[in-house]
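This report concerns only the one structure given below.
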Amino acid sequence: MADDLSAVAHFLYEAGTLKATKRTGWWMAGVRDPESVAEHSWRTSLIASIIAKLEGADPARAAFLAVWHDSQETRTGDVNYLGKKYGTAADPQAVTADQTAGMPEVLAETVRDLVAEYEENESTEAVCARDADKLECMLQGIEYLSQGYESAQRWIDNSRARIVTETGQRLADELLKQGPLDWLRTALGETKP
């Protein structure tokens, strides 16, 4: 391979900062140590693949879009909705172009195209990935609510209202019927109290 991979190596270190970048909206709900952007992105990718498969779309493509959907936050941080009210939001496509500068063009173009597809929200896979983003936030809110963070209900309600796919809506309804440890009780053969 003749391409210089130094920019790719730089980005991999940069991407690692998402493991320590907290999702700031949860602080308003009183969560002292909220999930990181990397944790959110991982589960969002998993959910995107599930929604896409059940919607008849390409699950790998939807998961791929979801993996990259918040990658720009290495440079912008996680700006919550209130923070966006007071400043101009960074253009994810412009940030991505900066992040991929110097990478082998085949890779840079792929990443730029993924971010553009997600932001344009026109492909079925992008719609599934965006629904996964909302569903993951709702799911995280349910988990925080069960830990005693009553203010998380706002995030649950707002996220649920923004889900558009039939599969996403049905899955949201099912998640709302269950508790975060119901899966464990089922796996252990216990009955729900």
Considering only residues two or more places apart or on different chains, which pairs with a residue in residues 149-172 satisfy salt bridge (Lys or Arg N to Asp or Glu O under 4.0 Å)? R160-D173

What's the shortest heavy-atom distance between C128 and A52, and which atoms? SG-CA, 3.7 Å

What heavy-atom pair brings M103 and F11 nearest, and what distance separates the two atoms? CE-CB, 3.3 Å

Check whether any side-chain heavy atom of Q72 lies under 4.5 Å from a side-chain heavy atom of Q99, and answer yes or no. yes

Residue pairs passing the salt bridge (Lys or Arg N to Asp or Glu O under 4.0 Å) test with at least one member in residues 93-104, sequence neighbours excluded, are none

Applying the 4.5 Å side-chain criterion to the ILVMFWY set and letting contacts propagate, would F64 and V8 be lumped into a single cluster? yes

For E174 and Q178, test the side chains for any donor-to-acceptor distance below 3.5 angstrom and give the result as yes or no. yes

Scan residues 126-137 for pairs that pass salt bridge (Lys or Arg N to Asp or Glu O under 4.0 Å), counting only residues two or more places apart or in two chains. R23-E136, R43-E136, E119-R130

Chi angles and distances behind the side-chain contact (heavy atoms from CB on, under 4.5 Å) call for V127, T165: CA-CA 8 Å; V127 172; T165 62; 3.8 Å; yes

Quick check on the hydrophobic clustering: are L135 and W42 connected, directly or via other members, by side-chain heavy-atom contacts under 4.5 Å? no

Atom pair SG (C137) and CD1 (I142), whose distance is rounded to the nearest 0.5 Å: 10.5 Å

Any idea which heavy atoms bring A152 and Y144 closest together, and the distance? CB-CB, 4.1 Å

Would you indicate whether the side-chain heavy atoms of W155 and Q140 approach each other to under 4.5 Å? no

Are D182 and K177 ion-paired here, with the side-chain N under 4.0 Å from a carboxylate O? no

From T100 OG1 over to L114 CG, what is the distance, rounded to the nearest 0.5 angstrom? 11.0 Å

Distance check, rounded to the nearest 0.5 Å: W27 atom CH2 versus N80 atom CG? 9.0 Å

Would L54 end up clustered with L171 when hydrophobic side chains under 4.5 Å apart are linked, directly or stepwise? no

Are L175 and I47 joined in one hydrophobic group, where the rule is that I, L, V, M, F, W and Y side chains link up if heavy atoms are under 4.5 Å apart? yes

Non-hydrogen atoms of A90 and V95 that approach each other most closely: CB-CG2, 3.9 Å

Do L18 and S36 come within less than 4.5 Å of each other through their side chains, counting heavy atoms only? no

What pairs meet the ring-ring contact (aromatic ring centres under 6.0 Å, His included) rule with one or both residues in residues 99-134, with sequence neighbours excluded? H69-Y118

Any salt bridge (Lys or Arg N to Asp or Glu O under 4.0 Å) involving residues 69-91? Give me the pairs, sequence neighbours left out, ordered by first then second residue. E14-R75

Can you list every side-chain hydrogen bond (donor to acceptor under 3.5 Å, both in side chains) pair that touches residues 52-68, not counting sequence neighbours? E55-T167, R61-E117

Same cluster or not: Y81 versus Y86, using hydrophobic residues (I, L, V, M, F, W, Y) connected whenever any side-chain heavy atoms lie under 4.5 Å apart? no

Give me the atom names and distance for the closest heavy-atom approach of A66 to A48. CB-CB, 3.9 Å

What pair of heavy atoms forms the shortest contact from I51 to G168, and how long is it? CD1-CA, 4.2 Å

Please determine whether a side-chain nitrogen of the Lys or Arg among K22 and E39 lies less than 4.0 Å from a carboxylate oxygen of the Asp or Glu. no

Apply side-chain contact (heavy atoms from CB on, under 4.5 Å) to L176 and I156, showing your working. CA-CA 9 Å; L176 289 166; I156 296 167; 3.8 Å; yes

Would you say S49's side chain and A63's backbone share a donor-acceptor pair under 3.5 angstrom? no

Take L82 and M28 through the side-chain contact (heavy atoms from CB on, under 4.5 Å) test and state the conclusion after the steps. CA-CA 10 Å; L82 180 61; M28 288 180 232; 4.0 Å; yes

